[in-house]
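Read through the structure below, which is laid out as structure tokens, and then see the notes.
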Amino acid sequence: MTAFNFSTTGSEVVAALADRVTGKTFTEKPLVVITGASHGGLGAHTSLCLAAANPAEIILLGRSEEKVSPVMKEISSISPSTIVRFIKIDLLSCVSVRAAVAEINASVSKIDVLVNNAGIMGVKFALTPENVESQLGANHIGHFLLTNLLIPKLESSGGARIVNLASAMYQLSPVMFDNYNFSDGKTYNAWEAYGQSKTANILFAVGLAEKLEKKGIKSYSLHPGVIHTTGLSDVDQAAWPIVGALFENKKLEMPKEKTIGQGCATTLVAALDPTLDENVLDYASDLVNANKLWNLSEVIVGEEFRY
């Protein structure tokens, strides 16, 4: 395995593992789906790094085509042979997720890499149409439904990878199975809610890895790093003072800051290289919790997924 470190950039990862994109790993150049690809964000930078190795197709999922269009133009400039498309999705809405999946399924025969990158952080309390706290809804439930509905296309790849962007801030909270809505907002803490959603991302990857092993599909979760240049405009400004106290109370160190180029490196390693180390808290790696979250997620989206 190529040696990477904290300072490695996404461009360096793709350059080192370019043969994984040019058809050596997959039967042909891969088709990649990325959620959350607005201009200036981590998903956008990830797609631009991938474009340098000329994948067959990149599908960018997001809420606003206007914010994604500049990224699409830049991808086409970097790799004219790469098909690049936008599909609208609102991960807070299961109806929107199902509509996006229908559009994807109608247009592709396989998916080689799915990057569940989109997310919200530190927002004011709100509920999704499915009555789920919004951070858990957007960061986990939306991706849970999206991923499971795309499994047939991932299986057709013959070696697909699913990459869930989590965060070291999962340490702020386990999934609170009996009170994931914080008593309908009465006990809401924006950062504990974010931590819960990031633990869910990790547990989802654990569950996927166990359930899809026989299908040859790999699943990973990762912490991209603290990146202040991605425009997290959704953060409730009143929530910022709380996060420092939480880290202090839990005796946690704030993760070191990265550039956006360094931040997407871990995503690209997970997408292109199957070797990863595991080192997470028990509540985020326990298969019992992973299955418990899977069952809860099925109840919320109103559909069972068995493999």
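Nothing here was measured: the structure is a model prediction, and the numbers come from that model. Note that these values count all heavy atoms, side chains included, but never hydrogens, waters or copies made by symmetry.
- Donor-acceptor pairing under 3.5 Å is recorded for the side chains of Lys198 and Asn201.
- A distance of 8.5 Å separates SG in Cys264 from CG in Leu50, rounded to the nearest 0.5 Å.
- Clustering ILVMFWY residues whenever any of their side-chain heavy atoms sit less than 4.5 angstrom apart, transitively, puts Val21 in the very cluster that holds Leu48.
- The backbone N or O of Leu268 lies less than 3.5 Å from no partner atom in the side chain of Thr46, so there is not a single donor-acceptor pair.
- With Arg85 as the fixed residue, the salt bridge (charged side-chain N to carboxylate O under 4.0 Å, His left out) test singles out one of Glu103, Glu65, Glu57: Glu57.
- Checked by atom type and distance alone, the side chain of Thr128 never pairs as donor or acceptor with a backbone atom of Ser93 at under 3.5 Å.
- Taking 4.5 Å as the limit, some side-chain heavy atom of Arg306 sits within range of a side-chain heavy atom of Glu298.
- Side-chain contact between Asn105 and Leu150 is present, with at least one heavy-atom pair separated by less than 4.5 Å.
- Residues Ile75 and Ser47 meet the side-chain proximity criterion, which asks for heavy atoms closer than 4.5 Å.
- Between Ile111 atom CD1 and Ile104 atom CD1 the span is 5.5 Å, to the nearest 0.5 Å.
- Thr199 contributes a side-chain N or O that, together with a main-chain N or O of Gly195, makes up a donor-acceptor pair within less than 3.5 Å.
- When all heavy atoms of Pro80 and Ser77 are compared, the closest pair comes out as CD-O, 4.1 Å.
- The side-chain contact (heavy atoms from CB on, under 4.5 Å) test with Asn181 singles out one residue from Glu133, Met176, Lys186, and that residue is Glu133.
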Full working for side-chain contact (heavy atoms from CB on, under 4.5 Å) between Val301 and Val97: CA-CA 10 Å; Val301 303; Val97 172; over 6 Å; no

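- Looking at heavy atoms from C-beta onward, Phe144 lies out of side-chain contact with Ile300 at the 4.5 angstrom threshold.
- Classified by interplanar angle (parallel below 30°, tilted 30° to 60°, perpendicular above 60°), the ring pair His140/Phe204 is perpendicular.
- Under the 4.5 Å side-chain contact rule for hydrophobic residues, Tyr220 and Ile217 do not share a cluster.
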Audit row: Cys49, Val13, side-chain contact (heavy atoms from CB on, under 4.5 Å) steps and yes/no: CA-CA 9 Å; Cys49 290; Val13 171; over 6 Å; no

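- Summarising the geometry, atom CG belonging to Leu149 is positioned 11.0 Å from atom CG belonging to Leu154; distances are rounded to the nearest 0.5 Å.
- Through side-chain heavy atoms spaced under 4.5 Å, either directly or across other Ile, Leu, Val, Met, Phe, Trp or Tyr residues, Val95 is tied to no other residue.
- There is a path of hydrophobic side-chain contacts, each under 4.5 Å, that joins Val115 to Val84.
- Side chains of Asn164 and Ile202 form no contact here, defined as non-hydrogen atoms less than 4.5 Å apart.
- The side-chain heavy atoms of Val269 and Leu222, taken from C-beta on, include no pair separated by under 4.5 Å.
- Applying the ring pair (Phe, Tyr, Trp, His ring centres under 6.0 Å) test to residues at least two apart or on different chains, the pairs with a partner in residues 99-135 are Phe125-Tyr188.
- Distance CG/Leu208 to CG/Asn116: 8.5 Å, rounded to 0.5 Å.
- A donor atom on one side chain and an acceptor atom on the other are not found under 3.5 Å apart for Asp90 and Ser96.
- Applying the ring pair (Phe, Tyr, Trp, His ring centres under 6.0 Å) rule to pairs touching residues 50-88 yields nothing, sequence neighbours excluded.
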Criterion side-chain contact (heavy atoms from CB on, under 4.5 Å) on Ile78 and Glu74, from CA distance to verdict: CA-CA 6 Å; Ile78 295 169; Glu74 194 167 350; 4.2 Å; yes

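- Shortest non-hydrogen contact noted between Leu42 and Pro224 is CD2-CB, 3.7 Å.
- Under a hydrophobic clustering in which Ile, Leu, Val, Met, Phe, Trp and Tyr are joined whenever their side-chain heavy atoms come within less than 4.5 Å, directly or via other members, Leu287 and Phe177 fall into different clusters.
- In terms of hydrophobic clustering, with Ile, Leu, Val, Met, Phe, Trp and Tyr side chains grouped at heavy-atom distances under 4.5 Å, Val33 and Val101 are assigned to a common cluster.
- A distance-only check finds a donor-acceptor pair linking the side chain of Gln135 to the backbone of Gly122 [under 3.5 Å].
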Test side-chain contact (heavy atoms from CB on, under 4.5 Å) applied to Ile151 and Ile162, step by step: CA-CA 10 Å; Ile151 292 299; Ile162 301 167; 4.3 Å; yes

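- In terms of heavy atoms, Gly41 sits closest to Ile260 at O-CD1, 3.5 Å.
- Not a single donor-acceptor pair under 3.5 Å links the side chain of Gln196 to the backbone N or O of Leu136.
- The shortest non-hydrogen separation linking Lys211 to Tyr307 is O-CB, 3.6 Å.
- With Leu61 as the fixed residue, the side-chain contact (heavy atoms from CB on, under 4.5 Å) test singles out one of Thr35, Val68, Leu114, Ile34: Thr35.
- Scanning all heavy atoms of the two residues, the minimum distance from His223 to Ala168 falls at ND1-N, 3.0 Å.
- Taking OG1 from Thr266 and CZ from Phe6, the interatomic distance works out to 9.0 Å, rounded to the nearest 0.5 Å.
- Tyr194 and Ser167 make their closest contact through OH-CB, 3.9 Å (heavy atoms, listed as atom of the first residue, atom of the second, distance).
- With respect to Asp112 and Lys110, a salt bridge is recorded, a charged nitrogen being found less than 4.0 Å from a carboxylate O.
- Here the CG-CD1 distance, from Leu91 to Ile141, works out to 11.0 Å after rounding to the nearest 0.5 Å.
- Counting only distance, with no hydrogens or angles, the side chain of Ser157 and the backbone of Lys153 share no donor-acceptor pair below 3.5 Å.
- The residues Arg98 and Glu303 are annotated as salt-bridged, a charged nitrogen and a carboxylate oxygen being separated by less than 4.0 angstrom.
- Contact check for Ser219 versus Leu212: no side-chain heavy atoms found under the 4.5 Å cut-off.
- Side-chain atoms of Thr82 do not come within 3.5 Å of backbone N or O of Ala51 as any donor-acceptor pair.
- Looking only at distances, a side-chain donor or acceptor of Trp294 sits under 3.5 Å from a matching main-chain atom of Phe305.
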